[in-house]
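Hydrogens, waters and symmetry mates play no part in the numbers below; they use all other heavy atoms, side chains included.
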2 protein chains.
Amino acid sequence: MQRIPSKTVERLIVYRRVLASRVEGRSGHVYSHELAGMARVSAVQVRRDLMEAGFSGSPSRGYEVDELLGRIDRILDAPDGMKAVLVGVGNIGRALLSFLAGRGLKIEVVAAFDNDAAKIDRVISGCRVYDMQTLPERSRALGVRIGVIAVPGPQAQAAADALVEAGVTGILNFAPVPLLVRAGVQVEQVDIMRALEKVAHFAKQEKAREV
Amino acid sequence: MQRIPSKTVERLIVYRRVLASRVEGRSGHVYSHELAGMARVSAVQVRRDLMEAGFSGSPSRGYEVDELLGRIDRILDAPDGMKAVLVGVGNIGRALLSFLAGRGLKIEVVAAFDNDAAKIDRVISGCRVYDMQTLPERSRALGVRIGVIAVPGPQAQAAADALVEAGVTGILNFAPVPLLVRAGVQVEQVDIMRALEKVAHFAKQEKAREV
DNA sequence: GTCACGTTGTGATACTATTAACAGTAATCA
DNA sequence: TGATTACTGTTAATAGTATCACAACGTGAC
Ligand SMILES: NC(=O)c1ccc[n+]([C@@H]2O[C@H](COP(=O)([O-])OP(=O)(O)OC[C@H]3O[C@@H](n4cnc5c(N)ncnc54)[C@H](O)[C@@H]3O)[C@@H](O)[C@H]2O)c1
Ligand SMILES: NC(=O)c1ccc[n+]([C@@H]2O[C@H](COP(=O)([O-])OP(=O)(O)OC[C@H]3O[C@@H](n4cnc5c(N)ncnc54)[C@H](O)[C@@H]3O)[C@@H](O)[C@H]2O)c1
């Protein structure tokens, strides 16, 4: 399976989401312009993405939805699911746990870690919190592949080091700190403050419409 | 002032952050490769970004830090600050309020809105929660320019419509729904689930290093 | 059948972003 | 002083991404 461009992966995730959530109206088919409308992208972008995904439609009926969903699943997901751990059970960490709990997602948070004695051994949204010290061996024993970092900025790099030591190959980082990891470990930054400052910058030069 | 590329704006935000947080060691100067190391980008990327920002350094001393920070502020921030409102005081919304409260940021959350009677009129992290119905006129009266959407997906588009009606020109959206807004309104998507699924996809094909 | 229509698949093209290459310059030192 | 060094500023080259334009195709109308 060839490598699919990063931006295409992002959109495939959105396509899957909007297809899964739409009322299964009539036929099991969808045209590129319909999918484009739901995902707020152009129709040609959809066709190009599905081409990258190696998927073909019919000029008369469009794309077969179930088959498309199956194909996207096969590209995006690991066949036997993926285990993740959370590092830092604070405001963001708890919000995330409560959000992820319950749903039968392919990505499952199997443990959380913190260094605050008041949190250790508690169970939050069905997920037990363990001592940070035990992260490397416990994560490795569980076969964890993904780490989510939600600790304060100054602790983020150490958390990343512990995760890499545990053998994770993907990190989702909420701390506003650029991480340094060995090659082969994927880091995805979710920088909320940066996003806010960015939108403020571009909003600044826009003119508000009068009532 | 000419338009600065989107990616450059993102990095200017990071440069400002790492410069502000570093221990003011010795001189008030910094070389491109030092800044690059702190921001985890290449040195040439730093030089190009500062060029886009219209800033010059000296070949012998590098860039004057205070002057650079001032220049970045002038580019990124509105001179008289910017007011924002939060829509949806749930898990994410509360985390955000507690995070933003107190600090003397240029972006200030002046009001929150919800449609849950149990939350209306409460004060959370110093921010009062109002009835969703009052959003357009109250936000307009306050001179709000930015809206943060943290309501469930199905309610996100309606929230965006209300914000646009209130005259905001920038929206930070946490709901996993692509928004449709009029031209001139900047939307920044913070799609946490997409980020998680994306990192899982790329982590999947990486090989974990053995102990 | 065949014509018109609306759609897909994709080469070509344009745009955005990153990286390489190097000329220009100030400081240092033999 | 002239050679050396380490940096900046910028043009050129490359990579990544999005869009345009259109050939190819299946379907239904007639
Ligand atoms: N809350 C927000 O809205 C928000 C917004 C933007 C960025 N962030 C970033 O997200 C991160 C978490 O934010 P938060 O609001 O949840 O913070 P928080 O203070 O509520 O939670 C941090 C948690 O990490 C734990 N922790 C601290 N050091 C640790 C260590 N060395 N090992 C393990 N656990 C440790 C703490 O005990 C605490 O439970 C921060 O980096 C913050 O900058 C948060
Ligand atoms: N919590 C997470 O970790 C997380 C992760 C990924 C995405 N998200 C997204 O962020 C959004 C918020 O998530 P959450 O966990 O905070 O949800 P939540 O259910 O905790 O909070 C939603 C809040 O919005 C309010 N609300 C509902 N409808 C409203 C309306 N029409 N007008 C005004 N207020 C309304 C509710 O009263 C509630 O206070 C959701 O779209 C969710 O998909 C959250």
Side-chain angles (χ1 to χ4, degrees), chain A residues 2-15 19 26-65 67-68 71-72 75 178 183 186-189 194 198 201-202, chain B residues 2-15 19 26-65 67-68 71-72 75 178 183 186-189 194 198 201-202:
Chain A
Q2 93 287 9
R3 184 188 169 89
I4 293 180
S6 169
K7 289 297 169 67
T8 296
V9 168
E10 292 183 9
R11 284 187 297 264
L12 288 176
I13 293 167
V14 175
Y15 300 155
L19 284 176
R26 32 167 199 78
S27 80
H29 289 80
V30 66
Y31 291 120
S32 63
H33 67 262
E34 297 176 308
L35 192 42
M38 295 188 273
R40 306 269 184 257
V41 298
S42 69
V44 62
Q45 183 79 81
V46 169
R47 294 204 298 276
R48 170 77 60 186
D49 287 337
L50 299 194
M51 198 184 94
E52 300 272 11
F55 191 74
S56 283
S58 136
S60 41
R61 266 155 314 170
Y63 301 90
E64 212 277 295
V65 174
E67 206 185 324
L68 175 54
R71 166 68 69 131
I72 295 179
I75 290 172
Q186 305 292 322
V187 176
E188 190 74 16
Q189 190 76 22
R194 189 182 68 183
K198 183 181 173 189
H201 167 71
F202 286 113
Chain B
Q2 94 285 10
R3 184 188 170 90
I4 293 179
S6 169
K7 289 295 172 66
T8 296
V9 168
E10 291 183 9
R11 285 186 298 264
L12 288 176
I13 293 168
V14 175
Y15 300 154
L19 284 177
R26 32 168 198 77
S27 80
H29 289 80
V30 67
Y31 291 121
S32 64
H33 67 262
E34 297 176 309
L35 192 42
M38 294 187 274
R40 305 271 185 257
V41 298
S42 69
V44 60
Q45 183 80 82
V46 169
R47 294 205 296 279
R48 172 157 294 273
D49 287 338
L50 299 194
M51 198 184 92
E52 301 269 14
F55 192 74
S56 283
S58 137
S60 41
R61 268 153 311 166
Y63 301 90
E64 211 278 296
V65 174
E67 207 185 326
L68 175 53
R71 166 68 69 131
I72 295 180
I75 290 172
Q186 306 291 322
V187 176
E188 190 74 16
Q189 190 76 23
R194 188 182 68 183
K198 183 181 172 187
H201 167 71
F202 286 112

Between A:Val44 and B:Ser6, the residue closer to the 5' end of DNA chain C by nearest nucleotide is A:Val44

Problem set entry | Sidechain-backbone polar pair: A:Tyr15 side chain, A:Met38 backbone, donor-acceptor under 3.5 Å | no

When A:Arg61 and B:Phe55 are each assigned the nearest nucleotide of DNA chain D, the 5'-most assignment goes to B:Phe55

Report task. Examine D:dT19: is either OP1 or OP2 under 4.0 Å from a nitrogen or oxygen in the side chain of A:Ser42? Give yes or no. Result -> yes

So NE2 of B:His29 and CD of B:Glu67: to nearest 0.5 Å the spacing works out to 8.5 Å

Whole-Å distance, A:His29 NE2 to D:dT27 C1', equals 14 Å

Atom CE of A:Met51 and atom P of C:dA12 are separated, to the nearest Å, by 13 Å

In whole angstroms, the gap separating C1' of C:dG6 from CD of A:Glu34 amounts to 12 Å

Separation of D:dT8 atom C1' from B:Glu64 atom CD, nearest Å, is 16 Å

Checking D:dT19, C:dT7, C:dG9 against the side chain of A:Gln45 (C-beta onward), the nearest is D:dT19

Exercise for the section: Answer with base, sugar-phosphate or nothing: what part of the nucleic acid does A:Thr8 contact at a heavy-atom distance below 4.0 Å? Expected result: nothing

Closest to the side chain of A:Arg48, out of D:dT19, D:dT17, C:dT8, is D:dT19

Between CZ of A:Arg47 and P of D:dT19 the distance, given in whole Å, is 12 Å

Side-chain contact check for B:Ser60: nearest option of C:dA26, C:dT7, D:dT17 is C:dA26

B:Glu52 CD to C:dT16 P, in whole Å, measures 12 Å

Tell whether A:Arg11 reaches the base of D:dT17 with its side chain through a donor-acceptor pair below 3.5 angstrom. no

In whole angstroms, the gap separating P of D:dG16 from CG of A:Asp49 amounts to 16 Å

Separation of C:dT16 atom P from A:Lys7 atom NZ, nearest Å, is 13 Å

Check: Phosphate oxygens OP1/OP2 of D:dG9: is one of them under 4.0 Å from a side-chain N or O of B:Ser56?
Finding: yes

Between B:Ile72 and the options B:Asp49, B:Val9, B:Leu12, the side chain to side chain contact (heavy atoms under 4.5 Å, CB included) test singles out B:Leu12

*asked:* Looking at B:Ser32, I'd like to know whether one of its side-chain N or O atoms comes within less than 4.0 Å of OP1 or OP2 on D:dT8.
replied: yes

Residues A:Met51, A:Phe55; criterion side-chain contact (heavy atoms from CB on, under 4.5 Å); working and verdict: CA-CA 5 Å; A:Met51 198 184 94; A:Phe55 191 74; over 6 Å; no

Interatomic distance, OG@B:Ser56 vs OH@B:Tyr63, rounded to 0.5 Å, equals 7.5 Å

